[in-house]
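For reference, the structure discussed in these notes is given below.
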Amino acid sequence: MTPDLLALFHQDEPTRNAVKEFQLAVLDEMVLEDCYNKGGENAKALQQTKRLIEKSFIRLDELFAKNDKPNITDPH
């Protein structure tokens with residue numbers, strides 16, 4: 001894993017959102033294909049895949065989000 005590249009990816013919000021949307025759109029296609037062609041036999045795995053995608057982006061936020069709280073120092 002290369003934290004520097006992940007940090008750059010996280011900072012590029014439009015790209016980050018586009019990648020997440022693309023991954024979820026491909027997953028939606030897989031869900032429909034599984035439902036229509038295989039009777040939903042892979043439903044559990046596809047549910048876990050969605051959780052993986054969502055958790056990955058949450059983890060990126062946890063690792064690389066800037067601290068939004070102001071840094072207040074005591075002047076005394």
Side-chain angles (χ1 to χ4, degrees):
M1 188 166 66
T2 53
D4 293 341
L5 289 176
L6 289 173
L8 286 173
F9 175 72
H10 184 266
Q11 291 170 1
D12 186 353
E13 188 174 354
T15 299
R16 186 177 77 235
N17 290 339
V19 168
K20 183 178 179 182
E21 288 174 19
F22 178 75
Q23 287 180 330
L24 291 173
V26 170
L27 182 60
D28 285 345
E29 291 172 8
M30 292 171 68
V31 168
L32 289 174
E33 182 180 333
D34 180 64
C35 181
Y36 291 141
N37 298 331
K38 298 179 182 178
E41 69 183 40
N42 296 313
K44 282 284 185 198
L46 293 166
Q47 286 175 332
Q48 291 175 339
T49 301
K50 183 174 186 217
R51 277 184 252 154
L52 169 69
I53 292 168
E54 291 170 345
K55 188 171 184 171
S56 295
F57 283 88
I58 289 169
R59 181 71 55 89
L60 281 172
D61 285 339
E62 291 170 354
L63 291 172
F64 301 111
K66 293 181 181 175
N67 187 357
D68 292 334
K69 296 178 185 173
N71 188 3
I72 301 172
T73 56
D74 188 2
H76 299 282

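Basis for what follows: all heavy atoms, side chains included, without hydrogens, waters or symmetry-related copies.
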Hydrophobic cluster (4.5 angstrom, side-chain heavy atoms) - remaining members for L52: none
Kindly work out whether a path of hydrophobic side-chain contacts (I/L/V/M/F/W/Y, heavy atoms less than 4.5 Å apart) joins F9 to L63. yes
Could you give the side-chain donor-acceptor pairs of residues 10-19 under 3.5 Å, partners two or more places apart or in another chain?
| from | atom 1 | to | atom 2 | distance (Å) |
| --- | --- | --- | --- | --- |
| H10 | NE2 | D61 | OD1 | 2.6 |
| D12 | OD1 | T15 | N | 3.4 |
| D12 | OD1 | T15 | OG1 | 3.2 |
| D12 | OD2 | T15 | OG1 | 2.7 |
| R16 | NH1 | H10 | O | 2.1 |
| N17 | ND2 | E13 | O | 3.4 |

Would you mind writing out the side-chain donor-acceptor pairs for residues 22-35 within the sub-3.5 Å range, not counting sequence neighbours?
| from | atom 1 | to | atom 2 | distance (Å) |
| --- | --- | --- | --- | --- |
| D34 | OD1 | N42 | N | 3.2 |
| D34 | OD1 | N42 | ND2 | 3.0 |
| D34 | OD2 | N42 | N | 3.2 |

Under a 4.0 Å N-O cut-off, is there an ion pair linking E62 with R59? yes
